[in-house]
Amino acid sequence: MKLYAALAPFLALLVGGCTVQEIVVATIDVDAGPPDGAPLGEGRCRTNDQCRPTELCAKTDCAQAIGTCQQRPVLCDAVGPPACGCDGVTYWNDCIRQRSGASASTMGECRVNVAKCNDPSASSCPVAGASCARLLFPGTRCSPDVEGACWVLPSVCPPGGPPDRWTPCGAPPMCDETCYAIRSGIPHQLAPPGPMCH
């Protein structure tokens, strides 16, 4: 029945004698779902507000208009890799992204449309409990007011983690792992390779 409903406009165009070009132009996006405000049906959603508090509106990608309500994970381990949510926040891993309610993600740190922060409290981040990652790469000036990127970390930083090591700006040379460097709220520069960080 659903298939017939989706194909009905296309079939009507064929019967009406339209050209292939007119049919292509007139086809509808069945993934877009009903117009805003219209009922979506059981388990379908546009936002988390249309799901139970313990669920998220899961989508296959950030451009998808309609998703399905899916149970949020309760427990997540601290194993990577990071995932970039549709909200521009980098999550330590995809399980933490789902638990936080971000609808979809791409693998790796956010590189485009990054949710920025400018204070250690991360109050400007779109997710409660986020941290302001102020990680600087070589060639970037170390400054106490450097802008950061919003990250959501595991409740306890795991040993190991990403291979990069970081040195706090203006502090005696030392090495911090990525999770600790982010959680500190202090700007850190990427540590040069060498015996100090191995």
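Because only heavy atoms are used, hydrogens play no part in the values below, and waters and symmetry mates are left out as well, while side chains stay in. This one's a predicted model, so the numbers in the text were calculated from it and none came from an experiment.
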query = Are any non-hydrogen side-chain atoms of Gln50 and Cys69 less than 4.5 angstrom apart?
reply =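 Sidechains of Cys69 and Gln50: no contact.
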task = Output yes when a side-chain donor or acceptor of Asn93 lies under 3.5 Å from a complementary backbone atom of Pro81, and no otherwise.
result =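 Not a single qualifying donor-acceptor pair exists.
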request  = Indicate yes or no: at least one non-hydrogen side-chain atom of Ser184 is less than 4.5 angstrom from one of Asp176.
outcome  =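 Contact flag for Ser184/Asp176 side chains = no.
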request  = State, yes or no, whether a side-chain contact exists between Cys150 and Pro126 at a heavy-atom distance under 4.5 Å.
outcome  =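 Cys150 reaches Pro126 side chain to side chain.
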key: Beyond-backbone contact of Pro158 with Val79, side-chain heavy atoms, under 4.5 angstrom   =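 No; the side chains remain at least 4.5 Å from each other.
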ask   = Hey, does Trp151 have a side-chain heavy atom less than 4.5 Å from the side chain of Tyr91?
value =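 Contact flag for Tyr91/Trp151 side chains = no.
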key: Step-by-step salt bridge (charged side-chain N to carboxylate O under 4.0 Å, His left out) determination, Glu177 to Arg165   = CA-CA 5 Å; Glu177 293 176 352; Arg165 298 293 180 263; 3.8 Å; yes
task = Kindly indicate whether the side chain of Val127, heavy atoms from C-beta on, has any atom under 4.5 Å from the side chain of Cys125.
result =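 Result no, sub-4.5 Å side-chain heavy-atom pair not found.
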ask   = So, do Leu136 and Cys142 sit near enough that their side-chain heavy atoms are less than 4.5 Å apart?
value =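 With C-beta onward as the side chain, the pair touches.
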query = Any sub-3.5 Å donor-acceptor pair from Ser131's side-chain atoms to Val152's backbone N or O?
reply =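 Answer holds: no.
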ask   = Quick one: CD on Gln70 to OG1 on Thr54, what's the gap to the nearest 0.5 Å?
value =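 So the CD of Gln70 and the OG1 of Thr54 are separated by 11.5 Å.
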task = Starting at CZ of Arg46, measure out to CD1 of Ile66 and round the result to the nearest 0.5 Å.
result =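 Reported value, rounded in 0.5 Å steps: 4.0 Å.
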Transitive ILVMFWY cluster of Leu75, excluding itself - 4.5 Å side-chain cut-off =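 In the cluster with Leu75 are Val74.
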query = What is the minimum heavy-atom distance between Asp119 and Cys132, and which atoms define it?
reply =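 So the minimum-distance heavy-atom pair works out to O-CB, 3.3 Å.
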query = At their closest point, which heavy atom of Cys86 faces which heavy atom of Ser103, and how far apart are they?
reply =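 Residues Cys86 and Ser103, closest heavy atoms: SG-OG, 3.9 Å.
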ask   = When you look at CG of Asp77, are more than 12 heavy atoms from neighbouring residues, nucleotides or ligands closer to it than 6.0 Å?
value =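 Counting other residues, nucleotides and ligands, CG of Asp77 exceeds 12 neighbours.
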query = Thr60: what forms a side chain to side chain donor-acceptor pair (under 3.5 Å) with it, not counting sequence neighbours?
reply =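 Counting only residues at least two positions away or on another chain, Thr60 forms a side chain to side chain donor-acceptor pair (under 3.5 Å) with Gln64.
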task = Please write out which residues are connected to Met107 in a hydrophobic cluster, directly or through intermediates, given that two of Ile, Leu, Val, Met, Phe, Trp, Tyr count as joined at side-chain heavy-atom separations below 4.5 angstrom.
result =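 Hydrophobic cluster check, Met107: no partners found.
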key: side chain to side chain contact (heavy atoms under 4.5 Å, CB included) partners of Glu147, counting only residues at least two apart   =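 Glu147 satisfies side chain to side chain contact (heavy atoms under 4.5 Å, CB included) with Lys116 only.
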message = Keeping Arg134 on the side-chain end and Ile186 on the backbone end, is there a donor-acceptor pair under 3.5 Å?
response =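 No, because the side chain of Arg134 does not come within donor-acceptor range (under 3.5 Å) of the backbone of Ile186.
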message = Minimum heavy-atom separation for Gly101 and Leu56, please, with both atom names.
response =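 The answer is CA-CB, 4.1 Å.
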task = With sequence neighbours excluded, tell me which residues meet side chain to side chain donor-acceptor pair (under 3.5 Å) with Asp94.
result =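 With neighbours one apart ignored, the set is Arg97, Gln98, Ser105.
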Residue list, side chain to side chain donor-acceptor pair (under 3.5 Å) with Gln189, at least two apart or on another chain =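 Side chain to side chain donor-acceptor pair (under 3.5 Å) list for Gln189, sorted by chain: empty.
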Path from Ile182 to Ile96 over hydrophobic side-chain contacts below 4.5 Å =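 Yes; Ile96 is reachable from Ile182 via cluster members.
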Student check: side-chain heavy atoms of Trp92 and Cys179 closer than 4.5 Å =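 Yes; the side chains approach each other to less than 4.5 Å.
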key: CG on Leu190 to OG1 on Thr167, rounded to 0.5 Å   =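 The OG1 atom of Thr167 sits 8.0 Å away from the CG atom of Leu190.
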ask   = Can you tell me how far the SG atom of Cys157 sits from the CZ atom of Arg183, to the nearest 0.5 Å?
value =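 So the gap between those two atoms works out to 4.0 Å.
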ask   = So how far is it from Cys51 SG to Arg44 CZ, rounded to the nearest 0.5 Å?
value =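 The SG atom of Cys51 sits 12.0 Å away from the CZ atom of Arg44.
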task = Working to the nearest 0.5 Å, report the span between CZ of Arg72 and SG of Cys95.
result =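 Result: 12.0 Å between the selected atoms.
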message = So which atom in Asn48 and which in Cys57 form the shortest heavy-atom distance, rounded to 0.1 Å?
response =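 Reported closest heavy-atom pair: OD1-N, 2.6 Å.
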